[in-house]
Amino acid sequence: MTHGRPYDAVLCDLDNVLRFYDVAHLTALERAAGLPAGTTEDIAYAPEVDLPLLLGRITEEEWIEAITRGLAGRVGEEKARELGRALARAPFRADETVLSLLRPIRDHVPLVMVTNATPRLEEDLAALGLTGLAHHVVSSAVEGVAKPDPAIYRIAAARAGVTMDRCLFVDDSPENVEAAVALGMTGVHFREPADLHGPFALIRGEA
């Protein structure tokens with residue numbers, strides 16, 4: 001029963017929607033090493049380096065070693081490893097505005113967190129105080145499949161107990177949103193909290 005709602009579940013990304021990292025320390029280290037800001041992240045998040053971690057095939061330490069290998073030719077092995085560790089251990093926070101929008105939604109429809117995450121996701125959610133926020137958590141590292149692979153969207157919809165066309169999918173990646181829409185979901189490309197106001201108002205029956 002939809003009770004007139006346009007959606008029966010919200011599937012929401014974590015990083016760059018609800019969780020944000022502070023890489024100021026990493027940036028300072030890069031500058032001190034003569035590297036442009038963002039160099040470490042460019043190497044770390046290249047698919048061949050990042051995807052094995054997100055699929056749960058390597059540990060965080062192995063990921064740091066892969067980053068180290070990618071940077072060592074430019075700054076030496078010791079500095080490269082320091083940069084890799086600074087990225088892996090960068091502090092993070094939950095966006096309180098987005099959190100204040102998500103909490104009421106879970107009273108109306110199932111809320112499913114769908115995230116390309118490391119094997120440390122459970123610990124990270126606890127550190128953020130977000131354990132129990134979502135009714136279900138679908139992690140790439142647990143499922144062995146990552147967005148934008150259609151399989152992870154199907155898993156998330158099944159956990160919510162709804163059909164694809166009744167899902168509202170929120171993500172900061174246009175590619176991930178396009179994949180959801182191709183499966184029949186309604187997609188929201190997240191850039192700022194205001195992007196959620198309209199769709200969430202519909203779910204709450206306020207529009």
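- Side-chain N or O atoms of T115 include none that pairs as donor or acceptor with a backbone N or O of S139 at under 3.5 Å.
- Taken together through direct or relayed side-chain contacts under 4.5 Å among Ile, Leu, Val, Met, Phe, Trp and Tyr, V49 and V23 form part of one hydrophobic cluster.
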Kindly determine whether Y45 and I67 satisfy side-chain contact (heavy atoms from CB on, under 4.5 Å), including the steps that lead there. CA-CA 9 Å; Y45 297 139; I67 299 168; over 6 Å; no
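- The pair D124-R19 meets the salt-bridge criterion, with a side-chain N (NZ, NE, NH1 or NH2) lying under 4.0 Å from an Asp/Glu carboxylate O.
- A donor-acceptor pair under 3.5 Å is absent between the side-chain atoms of D149 and the main chain of A146, judged by distance alone.
- When all heavy atoms of P174 and D172 are compared, the pair lying nearest together is CD-O, 3.5 Å.
- The number of heavy atoms from other shown groups lying within 6.0 Å of CD (E122) does not exceed 12.
- Salt bridge present: D13 and K147 bring a charged side-chain N and a carboxylate O closer than 4.0 Å.
- Within the 4.5 Å cutoff, the side chain of R81 has heavy atoms near those of the E65 side chain.
- Between D165 and L183 the shortest side-chain heavy-atom distance does not fall below 4.5 Å.
- Just one of V114, L11, N176 meets the side-chain contact (heavy atoms from CB on, under 4.5 Å) condition when paired with I152; it is V114.
- We find the CG-CG distance between L18 and L133 to be 6.5 Å, quoted to the nearest 0.5 Å.
- Of all heavy-atom pairs spanning V137 and L125, the tightest one is CG2-CD1, 4.2 Å.
- Taking the charged nitrogens against the carboxylate oxygens, E82 and K79 do have a contact shorter than 4.0 Å, which makes a salt bridge.
- The two atoms that bring T39 and L35 nearest to each other are OG1-CB, 4.0 Å, heavy atoms only.
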Y153 vs F169, test: ring-ring contact (aromatic ring centres under 6.0 Å, His included). Steps then yes/no. CA-CA 9 Å; Y153 299 88; F169 178 82; 5.1 Å; yes
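- Side-chain atoms of D50 do not come within 3.5 Å of backbone N or O of A46 as any donor-acceptor pair.
- For the residue pair A156 and V138, the shortest heavy atom distance occurs at CA-CG2, 3.9 Å.
- Enclosure of atom CZ in R57 is not indicated, since only 12 or fewer non-hydrogen atoms of other residues, nucleotides or ligands lie within 6.0 angstrom.
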Check step by step if side-chain contact (heavy atoms from CB on, under 4.5 Å) holds for C12 and L111. CA-CA 7 Å; C12 188; L111 174 62; 4.3 Å; yes
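- Because its NZ or CZ atom is not both nearer than 6.0 Å to the ring centre of Y7 and within 45° of the ring axis, R166 does not count as a cation-pi partner of that residue.
- Side-chain polar atoms of T40 and E30 form a donor-acceptor pair below 3.5 angstrom.
- Shown here for D15 and N116, the closest heavy-atom pair between the two residues is OD2-O, 4.4 Å.
- Between A90 and Y21, the closest heavy-atom pair is O-CD2, 3.7 Å.
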Please lay out, stage by stage, how E143 and R159 fare under the test salt bridge (charged side-chain N to carboxylate O under 4.0 Å, His left out). CA-CA 12 Å; E143 305 300 337; R159 297 275 168 83; 2.9 Å; yes
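- The closest side-chain heavy-atom distance from D22 to F92 is not below 4.5 Å.
- Counted within 6.0 Å of CD on E48, heavy atoms from surrounding residues, nucleotides or ligands total more than 12; the atom is thus considered enclosed.
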side-chain contact (heavy atoms from CB on, under 4.5 Å) for V181 and T186? Distances and angles first, verdict last. CA-CA 6 Å; V181 171; T186 298; over 6 Å; no
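- Using a 4.5 Å heavy-atom cutoff, the side chains of I203 and V10 are in contact.
- No salt bridge links E77 with R69; every basic N to acidic carboxylate O contact stays at or beyond 4.0 Å.
- Hydrophobic cluster membership differs between I64 and V75, with clusters built from Ile, Leu, Val, Met, Phe, Trp and Tyr side chains linked at under 4.5 angstrom.
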Go through the steps to decide whether V112 and H135 satisfy the test side-chain contact (heavy atoms from CB on, under 4.5 Å), and finish with yes or no. CA-CA 6 Å; V112 182; H135 294 96; 5.7 Å; no
Check against salt bridge (charged side-chain N to carboxylate O under 4.0 Å, His left out), R89 and E61: CA-CA 11 Å; R89 297 166 187 173; E61 281 302 314; 3.2 Å; yes
